[in-house]
Amino acid sequence: MPAVDWVTDFYTRTGDWWGGAEAKVTNTDHQRAARVRAHASRAGALWVLELGCGYGGAAVATAMAGHTVTAVELTGRAEHIARLAAEHHVTPTLVRGDFYTADPGTGFDAVTYWDGFGVGSDTDQRRLLNRIACDWLAPGGVALIDVYNPFDWAARHGKREHRDARPGEGYPAELDRLFTFDQHSCTAIDTWWETARPKRRISQRLRCYTPADLALLLTGTGLRLDATHPPLDPDDFSYLAVLRPADQT
Ligand SMILES: C[S@@+](CC[C@H](N)C(=O)[O-])C[C@H]1O[C@@H](n2cnc3c(N)ncnc32)[C@H](O)[C@@H]1O
């Protein structure tokens, strides 16, 4: 059971809705792998730890780029990774579990967390950042973390979205979505339900941080904010934060 109670149910159910279509290695996954290469501080094949890998597309793409990848995932979304790895002839290591307690090893040149940082409280994020700095990163390593942008989410407050089922394309469920943004806690609340079952709603709650807020959050974690970059997909509500050990210039 993870520290935050909605996590397993939300990502398991949405994985059931979308996994049939989205469990594949995409162009974005190859671009994520290229970002790892671009920001690493040493040449050659890298040791990479990916947190919250979902179906495993980015982990497989990173392994295809020649790196040694360990990927951590809590939910059954991880069940897709073995097939993807076999299809692409690579062998990432999967650690199925909660990244707050898992022991995926140490000495990684890069730690990545694509599209997921911000679950739980500031204390939870600090705990994870501290693990990245103290338990996982090699000296000179880099952490690449997608951080949700409060301005993008706030702009969508109150908006709704409807998605038709497209079973032929791997989307079996007809879905509705409601965006809300809690300004007080700077948290995006992203609520989904099957159109036919409007009372059974599930929400993910994502703490959003401006780069200035992120820099404050990092204080005392052992990491510092080195740079930010726009998301790979302009429709993503996030930016990429490049974090490095605080004692390294
Ligand atoms: C929004 S999804 C993104 C998945 C993947 N990184 C991608 O970009 O496609 C966030 C993922 O993080 C996983 N996750 C959330 N909290 C976790 C935890 N404490 N330990 C391990 N995985 C976790 C979820 O199960 C989910 O698969």
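Indexing begins at 1, ligand by ligand and atom by atom, following the structure's order. Predicted model, so just to flag it, every value in this text is computed and none were measured. Computation of the quantities below employed the complete heavy-atom set of this structure, encompassing side-chain atoms and omitting hydrogens, waters and symmetry-equivalent molecules.
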Where on [X] is there a heavy atom closer than 4.0 Å to ligand 1, on the side chain, on the backbone, on both, or on neither?
{"X": "Val7", "value": "side chain"}
{"X": "Phe99", "value": "both"}
{"X": "Cys53", "value": "backbone"}
{"X": "Arg96", "value": "neither"}

Quick test of your reading of the structure: of [options], whose heavy atom lies closest to [atom]?
{"atom": "atom 22 (N) of ligand 1", "options": "Thr112, Leu74, Val95, Asp236", "answer": "Leu74"}
{"atom": "atom 19 (N) of ligand 1", "options": "Asp115, Asp98, Thr28", "answer": "Asp98"}
{"atom": "atom 9 (O) of ligand 1", "options": "Arg32, Glu22, Glu73", "answer": "Arg32"}
{"atom": "atom 6 (N) of ligand 1", "options": "Phe10, Phe117, Trp114", "answer": "Trp114"}

key: Trp18 ring center within less than 6.0 Å of Trp192 ring center   = yes

message = Please give me the minimum heavy-atom distance between Arg156 and Asp152, naming the atom from each residue.
response = NH1-O, 2.9 Å

key: Arg201 to Trp193, cation-pi by 6.0 Å centre distance and 45° axis angle   = yes

ask   = Can you get from Leu94 to Val25 by hopping between Ile, Leu, Val, Met, Phe, Trp and Tyr side chains that sit under 4.5 Å apart?
value = yes

task = Say whether Ala102 and ligand 1 are in contact under the criterion: heavy-atom distance to a ligand atom below 4.0 Å.
result =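 False for this residue.
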
Gln204, any N or O under 3.5 Å of ligand 1 N or O =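 N/O-N/O distance below 3.5 Å does not exist for this pair.
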
query = Does Gly52 reach ligand 1 with a nitrogen or oxygen that is under 3.5 Å from one of the ligand's nitrogen or oxygen atoms?
reply =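 N/O-N/O distance below 3.5 Å exists for this pair.
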
message = Checking side-chain polar atoms at under 3.5 Å, does Tyr113 have a donor or acceptor matched by the opposite partner on Glu50?
response = no

ask   = Between the side chains of Gln183 and His157, does any donor sit under 3.5 Å from an acceptor?
value =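 On atom types as modelled, these side chains do not qualify, holding no pair under 3.5 Å.
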
message = Determine whether a donor-acceptor pair (N or O, by modelled atom type, separation under 3.5 Å) exists between the side chain of Thr187 and the backbone of Arg207.
response = no

message = Out of all atoms in ligand 1, which are within 4.0 Å of some heavy atom of Gly97? Include the element for each.
response =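 In order of numbering, the contacting atoms are 20 (N), 21 (C).
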
query = Which ligand 1 atoms does Thr75 reach within 4.0 Å, using its non-hydrogen atoms?
reply = 25 (O)

Residue pair Trp114 / Leu144, side-chain heavy-atom distance below 4.5 Å =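 Trp114 reaches Leu144 side chain to side chain.
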
